[in-house]
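Keep in mind the model is a prediction, meaning the values are calculated, not measured.
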Amino acid sequence: MQIPRVPAWQYTLTGGVLAVLTARALDSTAFWLLLQTAGVMVLWRTANRHRCSWWLALAAVTAGLAVTAGWALYDGEPTNTPMGLSLAVPYSLLAAAAFQFGRRRRAGSAAEAGAVVLGLAMLAWSFIVLPYLGDPGYQQVDRSLALLYAVIDIALVGTALRNLTDPRRGPARLLAAAALTLVGAHLVYAATGSVGTGPFQPGGLCHLCVQLAWVFVVAAAVHPAAGQYRAGTARTGRAALIGMYTAAVAAPLLPALANPSVVVVVPALLTSGLSGLLLLRIVGLARLAGARAKQARESLREQQKLQEQLTYRAGHDALTGLANRDLLTERLNRAVAGDRPYALILCALDGFKDINDTYGHPVGDAVLRQVAGRLLLFAPQVDMVARIGGDEFGFLLGPETDSGQLAQQVVEAVGSAPFLVDDRRIPLTARAGVAGGVPGNDAVLSDADLALSAAKESGGGIARFDDSLRAEQTERARIAAGLRQAISDGSLFMHYQPVVDTASGRITGVEALMRWRQDGELIPPGEFIPVAEQTGLIGTIGARALRLACAQAAVWHRDHGLYLTVNVSTHQLRDPGFADSVLRILADTGLPAAALVLEITESVLIDASDTNVLGILRAYGIRIAIDDFGTGYSSLAYLHTLPVDILKIDQSFIRRHQDPPRPQDVSLTRAILELARSQDLLAVAEGVETAAQANLLRELDCPLVQGYHFGRPSAPEVIDVLLREAAVRTAA
């Protein structure tokens, strides 16, 4: 069984009381001086840790120590000497300490305590002070001291009563006990009129009360709640009001009890009635004033609330609750005029207009609110998150935040999961433009807007503004304008690269590749295809390329049994009419569906996996090939679930095969081929440039190959020559 631990303040209180009783029994002033010095040291430690009240308590006990030492040195009757004033100092300091300890209490506690004190004061005045002062046997100095101590005693009683209701019960009640003990010491002295200092004489009892009071003060200082603070309520209860009213009416009647003559009773009754009426009037006025003050406070709060709402609406977006463009511009102007660097991120949603067109504006508004909720997660890292219009959002941030990293996180947050509205799963992606600003640069908003446009055109997640960005955009605009012209003037044409059977060496298929010649110069596909995708021209260009290639391949398929491979972009797969367009081109050109292979990269295939376009096309016999296999999201899971017929091994794997080939490279290629065979997929090795590579792939039983070793992408006439030569060799 565990024994409960006794608090230190209880040890202090018990030990202090026993020590004081021992000192009084021994009548040892030196012993008491030692104890009181220890108490001063304890109070010094508490005063250094807590509030002003303990400094006053320290001063009170120190003054008491000085008084004890003075009495020991004086060894005379203190009431007939200046030593009679000595206790007034510690008494007053203790009253101040007790009052300071509860100074943040509610105002009603002071009024309630004051009402009781005034009643006690009239009682003491009638039965103790007046007889004491009226006794002709006392000197004038005794009467002055009696009046002084009466006033101090009233203050001590008031602070004691106030502290008895303090929420910090431990130290407050110990301080109240100390105050009442000091008052008791004075009452013993006033009642006996003797100052004998023996242990059992009245004067000795007075000294005992004083010493016990200091013990209570030291115990209060050791209490763990000595430094705590809790405020009370400001409301005076009904019981307190009744008590105050009773005291106000009864107190004037006390002198009549001491002297029941007509001269005293009549004024006492009049005073009592007048006090009661005045108190009733004061209470009524106080309640009326309180009600009106409450109404005024409520009106002021409503006015402030309305003003805050108007101010908030002026600077915030009504739909999402984010800051609006005006507030962002205002804050941005402050940053421009400031003295520290800053950055601005503009974020836009991809395809948000399609959501409004497809599902309606209420659904679009719900999506915007959800987007705002995700973006608000970044509010602790930035100075402001704002909706600047439509589907665009802005982030203003200081130099302590990595703008590039934050922009990437914002883009990822938008596309992390579909938005759910009325059981609809609406996927969204976003683009972000980042621009850094320095004090005085007022073009940061246009810079960020330019970076956002670059992010949209490049197809990337984010773009950062720099000096070369405008030049790049100018070049892209020139290419886009040239592509629009090329669509109409026929400067777009097709080249074809043969696909060869490793077993027979015969050309079994061709891959169609778009080419563009502008002003006699051949523009690389890596330059104009991305621009076509950014500007939305890829749909028109892709349809043109498919029609040209199918028309040419129809002849080759009829004469030589060749199949055709055509590259398809994610923009085309996202087009709801893409499947119908492909089937219509096949019907117009006469190319069988089984002779067409649509070639799609792994990333595009994964991105478009939620569409049913490929399933529709495969149902008609069109085959699907994964291009550049091994560079994207390759896994058995994808090969199991995706609609794929042909696997094209990326040329980076083939280029590793030098002469002689390394065993690990051969093992990797063999593993890919085994993977394709296990999934019943036709494998095609791309990028075959040497005879050694071709021989190795033949040994590994790779079915089909293509690359510069068998033929570069060439005009249809070159392919015709190759096919005729192959036919002659076969006939021979």
Show the nearest heavy-atom pair for residues E392 and A348, with the distance to one decimal. CG-CB, 3.9 Å
To the nearest 0.5 angstrom, please state how far the CG atom of L673 sits from the CG atom of L668. 9.5 Å
Taking only Lys NZ, Arg NE, NH1 and NH2, and the carboxylate oxygens of Asp or Glu, determine whether R387 and D317 approach each other closer than 4.0 Å. yes
Main-chain N/O of S569 paired with Q572 side-chain donor or acceptor, under 3.5 Å: yes
T429 side chain to D350 backbone, donor-acceptor under 3.5 Å: no
Closest heavy-atom pair and its distance - V434, S403: CG1-OG, 3.5 Å
Counting only pairs under 3.5 Å, give me each side-chain donor-acceptor contact of residues 497-504, with atom names and distances, residues two or more places apart or in other chains.
{"residue": "Q497", "atom": "OE1", "partner": "Q706", "partner atom": "NE2", "Å": "3.0"}
{"residue": "Q497", "atom": "NE2", "partner": "G711", "partner atom": "O", "Å": "3.1"}
{"residue": "D501", "atom": "OD1", "partner": "A503", "partner atom": "N", "Å": "2.9"}
{"residue": "D501", "atom": "OD1", "partner": "S504", "partner atom": "N", "Å": "2.9"}
{"residue": "D501", "atom": "OD1", "partner": "S504", "partner atom": "OG", "Å": "3.3"}
{"residue": "T502", "atom": "OG1", "partner": "C702", "partner atom": "O", "Å": "2.5"}
{"residue": "T502", "atom": "OG1", "partner": "P703", "partner atom": "O", "Å": "3.2"}
{"residue": "S504", "atom": "OG", "partner": "R506", "partner atom": "N", "Å": "3.3"}

Drop me the distance from D627's CG to N567's CG, to the nearest 0.5 angstrom. 5.5 Å
Which atom of I345 lies closest to which atom of A432, heavy atoms considered: CG2-CB, 4.2 Å
Counting neighbours of CD on Q664 that are heavy atoms of other residues, nucleotides or ligands and sit closer than 6.0 Å, is the number greater than 12? yes
For the residue pair E689 / Q693, report whether a side-chain donor-acceptor contact shorter than 3.5 Å exists. no
Exam field: side chain Q370 to backbone L420, donor-acceptor pair closer than 3.5 Å: yes
V510: which of V566, L723, L562, T565 passes side chain to side chain contact (heavy atoms under 4.5 Å, CB included): L562
Hey, is the main chain of P663 close enough, under 3.5 Å, to the side chain of S667 for a donor-acceptor pair? yes
Does any part of the side chain of M494, heavy atoms only, come nearer than 4.5 Å to the side chain of M514, both counted from C-beta? yes
Is the backbone of L445 close enough, under 3.5 Å, to the side chain of D449 for a donor and an acceptor to pair up by distance? no
What I'd like to find out is whether the side chain of T669 reaches to under 4.5 Å of the side chain of L697, using heavy atoms alone. yes
F395 side, atom CZ; I388 side, atom CD1 - distance, nearest 0.5 Å: 10.0 Å
Residues which pass side-chain contact (heavy atoms from CB on, under 4.5 Å) with A593, listed by chain and number, not counting sequence neighbours: L586, I622
Any F393 side-chain heavy atom under 4.5 Å of L368 side chain: yes
Ion pair check, R584 and D580, cut-off under 4.0 Å: no
Residue pair T601 / T570, side-chain heavy-atom distance below 4.5 Å: no
Write out all pairs satisfying ring-ring contact (aromatic ring centres under 6.0 Å, His included) with one or both partners inside residues 512-563, taking only residues at least two apart or from two chains. Y496-W556, W516-F528
Could you grab the distance from atom CZ of R544 to atom CD1 of I541, nearest 0.5 Å is fine? 9.5 Å
